[in-house]
Structure formats: C-alpha cells, structure tokens
Amino acid sequence: MVKLHPRLIRMKANVTEELGLRDIPCASFRRLMVAGFVRSEQVVPGQFAFDLQSLLDHLAAVKADPGFWTLANVRKYVEATL
C-alpha cells in the first residue's frame with residue numbers, strides 16, 4: 001500500500017520533535033518560515049502550515065553550503081517577526 005503524505009503540515013508545538021528535528025526549537029522553525037527560508041501558508045490567524053519538501057530543501061542547502069548563513073541570510077532570519 002502506498003502511503004501518501006500531505007504537502008503541507010500543520011505547525012504545532014511538537015512538530016519538530018515529531019519530524020526528528022529536536023535540535024530546532026519551534027520558535028526558530030517559525031522564524032525560518034516567516035523569513036521565507038521554508039515555504040509556509042498562514043491558514044488562519046496564528047496558525048501556519050509548512051511545505052515539507054521546502055523544509056527538506058532548506059536543510060539540504062544548509063548542509064551542502066557551509067557559507068549559507070551569509071550576513072544577508074542571518075539578517076533576514078533575525079528580522080523575521082514571529
């Protein structure tokens with residue numbers, strides 16, 4: 001049987017733990033979404049859903065490029081409002 005996964009996953013307090021990403025605090029993950037590093041949609045006020053493939057792409061980009069966190073990228077991340 002084929003198991004399908006939705007493209008968008010609802011953001012919740014323990015989502016990083018459920019995905020095996022315990023090293024990424026929930027607030028940091030939200031900031032990645034708000035800054036545009038991970039695609040997301042605001043479903044209703046205060047509730048986001050994120051694109052799982054976008055998260056995987058971001059993690060691969062950071063791993064592949066030690067210089068990913070340039071001053072511009074750090075600034076974009078820091079300025080993202082939660």
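Just so you know, residue 1 is the first one in the sequence shown, and it goes up from there.
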Study note, to complete from the structure: Between M11 and Q47, the two heavy atoms sitting closest are O-NE2, 2.8 Å

Point to revise | Distance (rounded to the nearest 0.5 Å) between F37 CZ and F68 CZ | key: 5.0 Å

Point to revise | R31 charged N/C atom sitting above Y77 aromatic ring, 6.0 Å / 45° | key: yes

**Study point:** N-O pairing of R7 and E41 below 4.0 Å
**Key:** yes

Check your understanding: Any donor-acceptor pair under 3.5 Å linking the side chain of N14 with the backbone of E17?
Key -> no

Check your understanding: Linking I/L/V/M/F/W/Y whenever their side-chain heavy atoms sit closer than 4.5 Å, directly or via other members, would V34 and V44 fall into one cluster?
Key -> no

Review point. Taking side chain as C-beta onward, heavy atoms only, is L59 less than 4.5 Å from L21?
Key: yes

Check your understanding: Does one hydrophobic cluster hold both V74 and M33, with members joined at side-chain heavy-atom distances below 4.5 Å?
Key -> yes

**Study point:** Shortest non-hydrogen contact between D51 and Q53, atoms and distance
**Key:** OD1-N, 2.9 Å

Point to revise | Within 6.0 angstrom of D23 CG, more than 12 heavy atoms from elsewhere | key: no

Check your understanding: Is the centre of the F50 ring less than 6.0 Å from the centre of the H58 ring?
Key -> no

Study note, to complete from the structure: The reported gap from CZ in R39 to CG in L55 (rounded to nearest 0.5 angstrom) is 10.5 Å

Check your understanding: Rounded to the nearest 0.5 Å, how far apart are NZ of K76 and CG of L71?
Key -> 13.5 Å

Study note, to complete from the structure: Which of I9, V15, T16 passes side-chain contact (heavy atoms from CB on, under 4.5 Å) with K12? It is V15

Check your understanding: Is there a chain of hydrophobic side chains (I, L, V, M, F, W, Y, each step under 4.5 Å between heavy atoms) that links I24 to L19?
Key -> yes

